Every structure is written in C-alpha cells, then in structure tokens.
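All values below were derived from every heavy atom in this structure, side-chain atoms included, with hydrogens, water molecules and symmetry-related copies excluded. Predicted model only: the values in this text are computed from it and were never measured.
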Amino acid sequence: MLRGRPQDLPWTALDLGQPVGLFTGRKLTGLTSDAAQCRGLLTQAGVRFTALPARHDGHCGYDDAVRLTDGGARDVALSPANLGIACPVAAALAMWEWNVLLPAARRHFDARVTRIDHYGSYSCRRLYGRQAGAWSEHSTADAIDIAGFRLSDGTRISVARDWKGTGPKAAFLREVRDGACGLFATVLSPDYNAAHRDHFHLDQAARGARGWRACR
C-alpha cells in the first residue's frame with residue numbers, strides 16, 4: 001500500500017504532480033531552505049514562472065521569490081497579476097489548485113475556478129502591523145492572503161461576503177480552507193479572528209520538520 005502512495009512516506013522525494021499525502025505539507029514547507037530544489041520541482045511539474053532577483057530591506061526581504069506566469073500546467077489566474085511570492089508558497093498554490101480548488105468547484109458548481117483574488121504577499125511589516133514583536137511571514141513573501149475566487153460560469157465567491165451561511169459558496173470556502181491545511185504551514189480564516197474576516201492567510205513558516213502547524 002505504501003509503495004503505491006509514496007507521498008504518504010516522510011523520506012520519499014516530493015513530486016508536485018502526485019496527490020496530496022500525509023507528509024506533503026511538511027515537504028513543501030521544507031522547501032523554504034532550498035530554493036534551487038523548489039524551482040526544479042516547479043519546472044518538473046510544468047509550472048511556468050520567472051525567478052525574481054533577491055531583495056533585502058533591513059529585517060525583510062527574500063532570496064527565493066518567483067512570479068507565476070500564464071500557461072503550462074496551471075490554469076488559474078491570480079488577480080492582481082504579476083504577484084511575487086516565495087517559491088514554496090507558489091508550489092503549494094499549484095497543488096492547492098490541482099487537488100483542492102478545481103475538484104471543489106466541480107462538486108459545488110459544476111464549473112472551473114478561473115481566478116484567485118488576493119490581497120498580496122510581500123509586505124515588510126510585523127504581525128498585524130504592530131510596531132514591535134515578531135515579523136510577519138509576509139515580510140519574506142512566505143505568505144499570501146486570498147480574498148475570493150471567480151468561476152467559469154461567472155460565479156464570484158468572496159471570503160468576506162460568503163463565509164457565513166449554509167449555501168454552496170460557504171461550503172466551497174470551507175472545503176478549500178480545509179484542503180489548504182494539508183499544503184501550508186499556516187492557514188487562518190474568518191474562524192480565527194476578526195483580522196481574517198475577509199481573507200484566508202496561507203503561509204509556509206519554517207518551523208522545522210516537527211514544528212507546529214496551524215489550521216483555523
């Protein structure tokens with residue numbers, strides 16, 4: 001059984017084209033320490049991207065950011081376009097699209113996700129914009145805030161507007177939030193606090209192989 005699902009074993013190599021397994025999320029987060037491997041995995045999976053120059057702004061910056069480009073294995077646009085994100089976040093977004101977003105949209109709406117609306121990634125700031133304390137994962141482009149989705153049939157789904165309720169939009173949002181938890185180190189939704197009432201925060205915080213993971 002295990003030979004048939006290598007993604008469920010901690011020592012096997014990560015393959016972005018495989019279904020999500022028990023250790024996929026930790027392997028994706030582990031890419032924060034190996035930009036070359038991460039970019040190689042994107043290329044192997046057919047994900048088109050441009051590597052961005054390193055950026056250093058005091059406590060902030062990145063060495064492993066990429067910009068996802070149109071075409072290739074990915075079929076969902078990001079809005080606004082030209083987003084720069086850390087490579088492990090890009091890898092997890094690709095797997096989220098293939099394994100979570102597209103199947104959920106088919107189940108709930110018989111449609112495709114064509115666009116992800118977001119509030120950005122890189123921002124040189126501390127958690128919650130405070131003057132002191134820990135730095136946000138946004139300060140290294142290791143996070144992205146997702147505001148909503150657009151479908152091929154014209155449906156628009158907003159975290160702010162549609163999270164509460166019992167209809168298909170609310171069910172879709174909860175399904176894709178839960179699915180993100182197997183791919184990102186941290187997933188925060190409106191269930192977490194008021195600061196996340198209008199978006200999903202997804203990040204790849206590097207907390208070590210046995211580090212805690214958050215899904216709320």
Fill in: Given Arg207, Glu137, Gln204, the one that forms side-chain hydrogen bond (donor to acceptor under 3.5 Å, both in side chains) with Thr186
Arg207
Practice prompt. Enter the distance from His118:NE2 to Leu83:CG here, rounded to the nearest 0.5 Å.
Written response: 4.5 Å
Practice prompt. Establish whether Leu183 and Leu102 are linked, either directly or via other cluster members, by ILVMFWY side-chain heavy-atom contacts under 4.5 Å.
Written response: yes
Discussion item. Name the residue from Thr69, Leu93, Leu68 that meets the side-chain contact (heavy atoms from CB on, under 4.5 Å) definition with Val47.
Written reply: Leu68
Practice prompt. Start with the C-alpha gap between Thr155 and Lys169, add the side-chain angles, then the distance that decides, and say whether side-chain hydrogen bond (donor to acceptor under 3.5 Å, both in side chains) holds.
Written response: CA-CA 9 Å; Thr155 299; Lys169 291 184 179 181; over 6 Å; no
Worksheet item: Which pair of non-hydrogen atoms, one from Met95 and one from Val20, has the smallest distance, and what is that distance?
Response: CE-CG2, 4.2 Å
Worksheet item: Quick one: does NZ or CZ of Arg197 land under 6.0 Å from the six-membered ring centre of Trp163, within 45 degrees of the ring axis?
Response: no
Practice prompt. Hey, could you give me the CZ/CG distance between Arg115 and Asp75, rounded to the nearest 0.5 Å?
Written response: 12.0 Å
Fill in: Approximate separation, where rounding is to 0.5 Å, of Asp198 CG and Ser189 OG
11.5 Å
Discussion item. For a side-chain hydrogen bond (donor to acceptor under 3.5 Å, both in side chains) check, start with the C-alpha distance between Asp191 and His196, then their side-chain angles and the critical distance, and finish with the verdict.
Written reply: CA-CA 8 Å; Asp191 282 348; His196 296 84; over 6 Å; no
Item to complete: Output the distance between atom NE2 (His201) and atom CD1 (Ile144), rounded to the nearest 0.5 Å.
Response: 10.5 Å
Worksheet item: Taking the inter-plane angle between the rings of Phe149 and Phe200 on a 0 to 90° scale, is it parallel (under 30°), tilted (30 to 60°) or perpendicular (over 60°)?
Response: tilted
Worksheet item: Closest approach of Ile116 and Ile146, non-hydrogen atoms and distance?
Response: CG2-CD1, 3.6 Å
Discussion item. Can you confirm whether Leu173 sits close enough to Val159 that some side-chain heavy atom of one is under 4.5 Å from a side-chain heavy atom of the other?
Written reply: yes
Discussion item. Name the residue from Gln7, Lys27, Gln18 that meets the side-chain hydrogen bond (donor to acceptor under 3.5 Å, both in side chains) definition with Thr12.
Written reply: Lys27
Item to complete: Work out which heavy atom in Ala111 is nearest to a heavy atom in Ser152; give both atom names and the distance.
Response: CB-OG, 3.5 Å
Worksheet item: About how many Å separate SG of Cys60 and CZ of Arg125, when rounded to the nearest 0.5 Å?
Response: 10.0 Å
Practice prompt. Look up atom CD1 in Ile85 and atom CG in Asp203, then write down how far apart they are to the nearest 0.5 Å.
Written response: 12.5 Å
